[in-house]
J.: 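Take a look at this one; I'll ask things after.
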Amino acid sequence: MSIQEKIIAAALSGVKELYGAEVPEKMIQLQETRPEFEGELTLVVFPLLKTSKKAPEATAQDLGAYLTEKCPELISKFNVVKGFLNLSIAAEQWIKLLEEIEHNPKFGFLPVTEESPLVMIEYSSPNTNKPLHLGHVRNNLLGWALAQVMEANGNRVVKTNIVNDRGIHICKSMLAWQKYGNGETPETSGKKGDHLIGDYYVAFDKHYREEVKQLVAQGMDEEKAKQEAPLIKEAHDMLVRWEQNDPEVRGLWKTMNDWVYAGFDETYKALGVGFDKIYYESDTYLEGREKVEEGLEKGFFYRREDGSVWADLTKEGLDEKLLLRSDGTSVYMTQDIGTAKLRFQDFPIDKMIYVVGNEQNYHFQVLSILLDKLGFKWGKDLVHFSYGMVELPNGKMKSREGTVVDADDLVATMIEDAYKMSEDKIKKLEGITEEETREIARIVGMGALKYFILKVDARKNMLFDPEESIDFNGNTGPFIQYTYARIRSILRKAAEQGIAIPETLPTNTELSEKEISLIQHLNGFTATLRQAGADYNPASIANYCYELVKEYNQFYHDFSVLREENTDKQAVRLALSSAVAKVVKNGMSLLGIEVPERM
RNA sequence: GGUUCGGUAGCUCAGUUGGAUUAGAGCAGCAGCCUUCUAAGCUGCGGGUCAAGGGUUCGAGCCCCUUCCGAAUCACCA
């Protein structure tokens, strides 16, 4: 039971005893006390006035007196300012909290059991015709962090990925490779597979535009030229052959996709993300059709004269939506229905979360309604975890204008920058090897990148300035990592000097204001984690970690641990430092960010 | 035009279910602090009509309405 829960329970019985009325738990409003007032937690009594039939001050006075008298082990003293009852928490509560954090490696986490709700999270969802870029990086980091947060809140999480591995865009790369590739492979070219394929996708576009230009010069209408260009016709032809299972096309498709997957795996590994189950669109794209036919029979959808199938969503305030083309083939929406069907066969899904950019808000609004109509129990309440675009200083990322920030380049640059930045600092550390220095640079560089992206509210568009790169000072990943390394250094030295954290901490030492406020922050981790889970908001964890280490750095500056002569005080400070390190490590780990022992 | 989401300091962002005369950080700028547990740190200074107006109430950056600005979307593309 947390300190807050204890106080709320005590206050409830206080209200009952004092005023003879049971009030709902919501009426007890507890919040952190403003720094300018004495106390740590504040009970706002305004909601209770109707019950007490007294003035705010008198009500607060009544409750304060009750709490200090009945629960001295919980509340040491109180003061009243207007309708605010400021409570000072008894020191032993804080000490107990430190002990709990010291002994519970999963402080704040809820356990996951067989009965826990099953949450499936789809994220990443790349196309196999080009390498991952900055937008994918945001998606992957958010998806991974969200999965960790949901799991820490007591959900069984299945991380999934739907790979868009078929379609005309894939054929374009394949065709270009056939025409201009001369049998080039990742091995012969030395390129990562996804980059190699991406280059041919670009090559296709270049030649294709050339053809269109020529046709237009010969007097053809541009729209028509785009359809009549020989390359695009060939690509369409290839798509038809793919759908007919043409062995040659399928063979090439398989080979080239495997190159891409090998490349993706490297990028995923560098980003520290992974999946429990990967779906391929080539397997799922036919499944949706069946579901749509089913919906058609049940009268949810209707067929037009040309044979196309539509859903009429005007009653829901939306438009009509195409589900099957007049030639009977699937569209994007149909495929998502098909994927949903397969997933539900594979897992007893309670909650489905799609991590997909906000440009698809409409799509998911529609998908939710359709899945619900088709009888998926989680369809209605599916969560579209919609995130904003990553913008560059001079506008958006456009592959055609060459303003794409490549994921692999970005990762390499961050690590390189961290290395340059760290070199002189890390070398000061004793007995450090080049290999360790590299590893620290990797952790710090990735930490900077991940924190930079995850600290901002996912819904908002964010600005990414590659020129200025990412800060290593202030509200950044490295700042948090640095604080962690500092604490670890203290703990190492303490161990060397034979100073250990006692099993039971002394409760008679007086805590300074700074120490109390630090412990209070630690206490807030649980609530932050719950909120992050309820709101699907990893950013709040990031900001929590920042606040915590900022506070710790102030403590670090003003108080010494190892030079403290009073052994009781020293024990508490050591436990406090250790607790901050543990919570920081856990919090950062929820974001997929590692923390170094030294830096 | 419809729908959805945003608008908080020069810049990048926090701001719990509405709470306390003075709305917070970081960056950038200026000024201090390393024979002392890691200075990627700490301390101080300046910087705001919370887009605008109205409403709800003991109380609004937060809730409701209107307006302005920005983004996304409304395809037989994915």
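To find a chain, count down the sequence lines: A is the first, B the second, and so on, and within it residues start at 1. What you see is a predicted model; the values in this text were computed from it and never measured.
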J.: What's A:Tyr546 touching, base or sugar-phosphate or nothing? Going by heavy atoms closer than 4.0 Å.
T.: sugar-phosphate
J.: What does B:U36 pair with, Watson-Crick or G-U, if both distances are under 3.5 Å?
T.: none
J.: Across all strands, who's sitting opposite B:G29 as a Watson-Crick or G-U wobble pair, both distances under 3.5 Å?
T.: B:C45
J.: Return whichever of A:Thr476 or A:Ala418 has its heavy-atom-nearest nucleotide of RNA chain B closer to the 5' end.
T.: A:Thr476
J.: Under the 6.0 Å and 45° cation-pi test, does A:Arg304 pair with A:Trp310?
T.: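 The answer is yes, since A:Arg304 meets both limits relative to A:Trp310.
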J.: Roughly how many Å is it from NE2 in A:His557 to C1' in B:U36, rounded to a whole number?
T.: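 In whole Å, B:U36 C1' and A:His557 NE2 are 11 Å from each other.
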J.: When you measure from the side-chain N and O atoms of A:Arg486 to the phosphate of B:A39, is any distance below 4.0 Å, counting only OP1 and OP2?
T.: yes
J.: How close or far is atom P of B:U17 from atom CG of A:Leu30, stated in whole angstroms?
T.: 15 Å
J.: For the pair made of CD1 in A:Ile337 and C1' in B:A78, what is the distance, rounded to whole Å?
T.: 15 Å
J.: Minimum heavy-atom separation for A:Gln570 and A:Val561, please, with both atom names.
T.: NE2-O, 3.0 Å
J.: Just how far, in rounded Å, is C1' of B:A40 from OH of A:Tyr419?
T.: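 That distance rounds to 17 Å.
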J.: Look at A:Lys550 and B:G26 and indicate whether a side-chain polar atom (N or O) is within less than 4.0 Å of OP1 or OP2.
T.: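 Yes, because at least one side-chain N or O of A:Lys550 sits under 4.0 Å from OP1 or OP2 of B:G26.
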J.: So, OP1 or OP2 of B:A72: does either fall under 4.0 Å of a side-chain N or O from A:Gln360?
T.: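 No, A:Gln360 has no side-chain N/O under 4.0 Å of OP1/OP2 on B:A72.
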J.: May I ask you to verify if any side-chain N or O of A:Arg166 is less than 4.0 angstrom from the OP1 or OP2 atom of B:C77?
T.: no
J.: May I ask you to verify if any side-chain N or O of A:Lys455 is less than 4.0 angstrom from the OP1 or OP2 atom of B:C13?
T.: no
J.: Looking at B:C13, which nucleotide sits across from it as a Watson-Crick or G-U wobble partner, both distances under 3.5 angstrom, or is there none?
T.: B:G24
J.: Need the pair for B:U73. Rule: Watson-Crick or G-U wobble, both distances under 3.5 Å, any strand; none if unpaired.
T.: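 Per the H-bond distance test, B:G2.
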J.: Can you tell me how far P in B:G6 sits from the matching atom in B:A51, rounded to whole Å?
T.: 13 Å
J.: Decide whether a cation-pi geometry holds between A:Arg486 and A:Tyr556; the criteria are a distance under 6.0 Å from NZ or CZ to the six-membered ring centre and an angle within 45° of the ring axis.
T.: yes
J.: Looking only at atom P, what distance separates B:U56 and B:C62, rounded to whole Å?
T.: 15 Å
J.: Ignoring hydrogens and angles, does a donor from either the side chain of A:Thr42 or the base of B:A20 sit under 3.5 Å from an acceptor on the other?
T.: yes
J.: Looking at every strand, decide which applies to A:Met462 at a 4.0 Å heavy-atom threshold: base, sugar-phosphate, or nothing.
T.: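 Counting heavy atoms under 4.0 Å across all strands, the contact made by A:Met462 is with sugar-phosphate only.
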J.: Classify the side chain of A:Asp336 versus the base of B:A78 as yes if they form a donor-acceptor pair under 3.5 Å and no if they do not.
T.: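 Side chain to base: no pair below 3.5 Å.
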J.: Any base atoms under 4.0 Å from A:Tyr332, or only sugar-phosphate, or nothing? Heavy atoms, all strands.
T.: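 If one applies the 4.0 Å heavy-atom cut-off, A:Tyr332 turns out to touch a base.
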J.: Does a salt bridge link A:Lys550 with A:Glu547, judged by any charged N lying under 4.0 Å from a carboxylate O?
T.: no
J.: Paired with B:A51: which nucleotide, if any, by Watson-Crick or G-U wobble criteria at under 3.5 Å for both distances?
T.: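 Pairing partner, where one exists within any strand: B:U67.
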J.: Return the value, rounded to whole Å, for the distance between atom CD of A:Glu32 and atom P of B:G15.
T.: 14 Å
J.: How does protein contact run along nucleotides 3-9 of chain B, one letter per nucleotide 5' to 3', with B for base contact, S for sugar-phosphate only, - for none, heavy atoms under 4.0 Å?
T.: SS-SS--
J.: Passes side chain to side chain contact (heavy atoms under 4.5 Å, CB included), A:Leu324 versus A:Thr329? Steps please.
T.: CA-CA 6 Å; A:Leu324 288 177; A:Thr329 57; over 6 Å; no
J.: Does the side chain of A:Asn473 get closer than 4.0 angstrom to OP1 or OP2 of B:C27 through an N or O atom?
T.: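 For B:C27, neither OP1 nor OP2 has a side-chain N or O of A:Asn473 closer than 4.0 Å.
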J.: Would you sort out whether A:Asp471 and A:Thr476 count as a side chain to side chain donor-acceptor pair (under 3.5 Å), showing the intermediate values?
T.: CA-CA 7 Å; A:Asp471 287 336; A:Thr476 65; over 6 Å; no
J.: At less than 4.0 Å, is any side-chain N or O atom of A:Gln531 found next to OP1 or OP2 of B:U17? Yes or no.
T.: yes
J.: Distance from A:Lys315 atom NZ to A:Leu313 atom CG, nearest 0.5 Å?
T.: 10.0 Å
J.: Say we look at B:U8 and B:C69: how far apart would their C1' atoms be, to the nearest angstrom?
T.: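 About 15 Å, rounded to a whole number of Å.
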J.: Quick one: label A:Asp327 by what it contacts on the DNA or RNA (base, sugar-phosphate, nothing), any heavy atom closer than 4.0 Å.
T.: nothing
J.: Are A:Arg598 and A:Glu439 within salt-bridge range, i.e. N to O under 4.0 Å?
T.: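 Judged by the 4.0 Å cut-off on N to carboxylate O distance, A:Arg598 and A:Glu439 do not form a salt bridge.
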J.: How is A:Gln335 classified with respect to the nucleic acid when contacts are heavy atoms under 4.0 Å: base, sugar-phosphate, or nothing?
T.: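 Sugar-phosphate, no base atom in range.
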J.: Which part of the nucleic acid, if any, lies within contact of A:Thr483, taking any heavy atom under 4.0 Å across all strands shown: a base, the sugar-phosphate backbone alone, or nothing?
T.: nothing
J.: Where each residue is assigned the nucleotide of RNA chain B containing its nearest heavy atom, which of A:Leu463 and A:Val549 is assigned the position nearer the 5′ end?
T.: A:Leu463
J.: Base of B:C34 relative to its sugar, syn (within 90° of 0) or anti?
T.: syn
J.: So if I take residues 436-447 of chain A and measure heavy-atom distances to RNA chain B, which residues fall below 4.0 Å?
T.: A:Val444
J.: Taking A:Asp457 first and then A:Arg459, would you say they form a salt bridge - that is, a charged N and a carboxylate O separated by under 4.0 Å?
T.: yes
J.: Check this for me: A:Lys585, atom NZ, are more than 12 non-hydrogen atoms of other residues, nucleotides or ligands nearer than 6.0 Å?
T.: no
J.: For B:A14 and B:G7, measure between their P atoms and round to the nearest Å.
T.: 9 Å
J.: Say you pick atom P in B:A78 and the same atom in B:U12; how far apart are they, in whole Å?
T.: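 Roughly 36 Å separates the two P atoms.
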J.: Would you mind reading off the distance between A:Tyr451 atom OH and B:A14 atom P, rounded to a whole angstrom?
T.: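 It works out to 11 Å between those atoms.
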J.: Step by step, work out the ring-ring contact (aromatic ring centres under 6.0 Å, His included) result for A:Phe385 and A:Tyr354.
T.: CA-CA 6 Å; A:Phe385 182 89; A:Tyr354 294 86; over 10 Å; no
J.: Using the six-membered ring for Trp and the full ring for Phe, Tyr or His, decide whether A:Tyr482 stacks on the six-membered base ring of B:G41 (centres under 5.5 Å, planes under 30°).
T.: no
J.: Could you tell me how far B:G46 sits from B:G41 if I compare only their C1' atoms? Round to whole Å.
T.: 22 Å
J.: A:Ile487 CD1 to B:C37 P: how many Å, rounded?
T.: 16 Å
J.: Rounding to an integer number of angstrom, what distance separates B:A52 and B:C58 when you compare their P atoms?
T.: 26 Å
J.: Give one of base, sugar-phosphate or nothing for A:Glu597, where a contact means two heavy atoms less than 4.0 Å apart.
T.: base
J.: How far, in whole Å, is B:A28 from B:G70 if one measures between their C1' atoms?
T.: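 Pairwise C1' distance, B:G70 against B:A28, rounds to 25 Å.
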J.: Between atom CG in A:Asp471 and atom C1' in B:C11, what is the gap in whole Å?
T.: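 Distance check: A:Asp471 CG to B:C11 C1' gives 11 Å.
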J.: Tell me whether A:Arg166 is salt-bridged to A:Glu281, with the criterion being a basic N under 4.0 Å from an acidic carboxylate O.
T.: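 Yes, charged N to carboxylate O under 4.0 Å.
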J.: Does A:Ser560 make a side-chain N or O approach to OP1 or OP2 of B:C37 shorter than 4.0 Å?
T.: no
J.: Would A:Phe84 and A:Phe46 count as a ring-ring contact (aromatic ring centres under 6.0 Å, His included) here? Give the steps.
T.: CA-CA 8 Å; A:Phe84 299 93; A:Phe46 291 110; 5.8 Å; yes
J.: Would you call the rings of A:Trp253 and A:Trp242 parallel, tilted or perpendicular, where under 30° means parallel and over 60° means perpendicular?
T.: perpendicular
J.: So what does A:Val331 touch, heavy atoms closer than 4.0 Å: a base, only the sugar-phosphate, or nothing?
T.: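 Sugar-phosphate, no base atom in range.
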